[in-house]
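The chain is numbered in sequence order, starting from 1.
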Amino acid sequence: MDETERKMTKIAREVGKFTVQTMKEEGIGTAEFDVIHLVRHNPGITQTKVRETLKIDKGAAAKRVASLENKGYLIRKPNPDDGRSQLLYATEKAENLKNSKAHIEALFYEWLLAELPQEEKDAFCRTLDTLYWRSKRQRQAGFVDVAALLAKEENDE
């Protein structure tokens, strides 16, 4: 029985909707922002590497990069090591992008916690931290414990 009633997932969905709405006002979709973020942190990355890192198909990568170039967020420069490819760089406009996904999410979560008394907020954040690290350790272990629970549940049916 899920005592949380999947409320963590539901809250994350709400913050996601707010993020999409806010970024649309800037003329950028979340998929485009993912490309900007990747290029900002990996100046000189190739479009192929963007595609591989974000696990998107060739056409989607090309479309997003072209769109961001047209909007003034990315520029292409020739690759000195490979005349067939180009390197991607974030423009000043991309570097100054105020409403990053993380910033928007952080503002939403600050707003969400604002009405809690400090003691409750502190306790909640400690619990959340504990849950985060437990989930991260589980992922690093290949989700073996959770997969075993799922397998047991399927065998019991």
Side-chain angles (χ1 to χ4, degrees), residues 1-61 63-65 67-68 71 73-74 87-157:
M1 180 174 176
D2 176 19
E3 295 175 56
T4 70
E5 297 176 352
R6 300 181 50 248
K7 287 190 176 126
M8 288 185 276
T9 301
K10 292 173 183 177
I11 291 169
R13 236 184 251 135
E14 296 302 329
V15 75
K17 289 174 187 175
F18 176 67
T19 302
V20 167
Q21 174 187 315
T22 304
M23 292 181 81
K24 275 186 182 176
E25 291 168 7
E26 296 246 1
I28 299 173
T30 55
E32 288 180 319
F33 185 79
D34 290 341
V35 173
I36 291 172
H37 181 77
L38 182 62
V39 173
R40 283 175 61 203
H41 288 86
N42 299 277
I45 192 171
T46 64
Q47 189 169 298
T48 300
K49 189 68 177 166
V50 167
R51 181 178 56 78
E52 291 168 356
T53 303
L54 297 178
K55 297 179 181 16
I56 55 178
D57 66 50
K58 196 174 187 176
K63 185 177 177 182
R64 289 178 196 159
V65 167
S67 173
L68 289 167
K71 292 176 183 177
Y73 289 102
L74 298 180
L87 305 178
L88 300 172
Y89 295 90
T91 63
E92 188 175 333
K93 184 177 181 180
E95 294 295 344
N96 294 329
L97 190 59
K98 230 177 166 181
N99 285 328
S100 74
K101 211 166 148 183
H103 177 70
I104 295 166
E105 291 167 352
L107 281 173
F108 188 93
Y109 289 127
E110 284 176 30
W111 169 83
L112 193 60
L113 296 175
E115 293 184 1
L116 290 179
Q118 191 62 47
E119 188 176 297
E120 283 184 41
K121 192 185 307 185
D122 292 343
F124 175 74
C125 288
R126 281 192 305 274
T127 301
L128 200 55
D129 193 57
T130 299
L131 295 174
Y132 168 74
W133 286 107
R134 184 166 195 241
S135 68
K136 186 165 184 134
R137 284 190 303 272
Q138 183 64 194
R139 178 189 52 82
Q140 290 168 337
F143 298 106
V144 292
D145 298 327
V146 180
L149 282 174
L150 187 59
K152 182 183 181 307
E153 189 176 87
E154 289 172 356
N155 289 336
D156 290 346
E157 289 177 2

Are any of the side-chain heavy atoms of Ile45 and Leu87 separated by less than 4.5 Å? no
With sequence neighbours left out, the residues meeting side-chain hydrogen bond (donor to acceptor under 3.5 Å, both in side chains) with Thr130 are none
Kindly indicate whether the side chain of Phe124, heavy atoms from C-beta on, has any atom under 4.5 Å from the side chain of Glu120. no
Taking atom CD of Glu119 as the centre, report whether more than 12 heavy atoms of other residues, nucleotides or ligands fall under 6.0 Å from it. no
Rounded to the nearest 0.5 Å, what's the gap from CG on Asp145 to CG on Leu149? Could you check? 7.5 Å
How many angstroms lie between atom CG of Leu112 and atom CD1 of Ile11, to the nearest 0.5 angstrom? 5.5 Å
State whether the number of non-hydrogen atoms from other residues, nucleotides or ligands found under 6.0 Å of Glu92 atom CD is greater than 12. no
Would you name the heavy atoms of Glu5 and Lys10 that are closest together and state the gap between them? O-NZ, 3.3 Å
Which residues pass the side-chain hydrogen bond (donor to acceptor under 3.5 Å, both in side chains) test with Glu32, not counting sequence neighbours? Ser67, Lys71
Are Glu14 and Phe18 packed together at the side-chain level, in the sense that at least one heavy-atom pair is separated by less than 4.5 angstrom? no
Kindly give the heavy-atom pair with the smallest separation between Met8 and Thr4, and that separation in Å. CE-CG2, 4.3 Å
Heavy-atom nearest pair, Gln138 first then Val144, reads OE1-N, 3.2 Å
How close do Tyr73 and Ala94 get, heavy atom to heavy atom, and via which atoms? O-CB, 3.2 Å
Hey, does the side chain of Asn155 reach the backbone of Ala151 with a donor-acceptor pair shorter than 3.5 angstrom? yes
First locate atom CG of Leu38, then atom CD1 of Ile36, and finally report the distance between them rounded to the nearest 0.5 Å. 11.0 Å
Could you tell me whether Lys152 and Asp156 have a side-chain N and a carboxylate O separated by less than 4.0 Å? yes
To the closest 0.5 Å, what do you measure between CG (Leu131) and CZ (Arg126)? 13.0 Å
Separation between CG (Leu88) and CG (Asn42), nearest 0.5 Å, reads 10.5 Å
Minimum-distance pair of heavy atoms, taken over all atoms of Gly29 and Met23: O-CE, 4.3 Å
Specify the closest pair of heavy atoms between Cys125 and Leu113, including all atoms of both residues, with the distance to one decimal. SG-CD1, 4.2 Å
Quick check against the 3.5 Å criterion: does His37 have a side-chain atom that pairs as donor or acceptor with the backbone of Phe33? no
Could you measure the distance from the NZ atom of Lys121 to the CD atom of Gln118? Nearest 0.5 Å is fine. 5.0 Å
Using residues 48-58 as the side-chain source, report each donor-acceptor pair under 3.5 Å to any protein atom, sequence neighbours left out, with the distance given to one decimal.
{"residue": "Thr53", "atom": "OG1", "partner": "Lys49", "partner atom": "O", "Å": "2.8"}
{"residue": "Asp57", "atom": "OD1", "partner": "Gly59", "partner atom": "N", "Å": "3.1"}
{"residue": "Asp57", "atom": "OD1", "partner": "Ala60", "partner atom": "N", "Å": "2.8"}

With a 4.5 Å cut-off on side-chain heavy atoms, are Thr22 and Leu107 touching? no
Any donor-acceptor N/O pair, Glu105 side chain to Thr19 backbone, under 3.5 Å: no
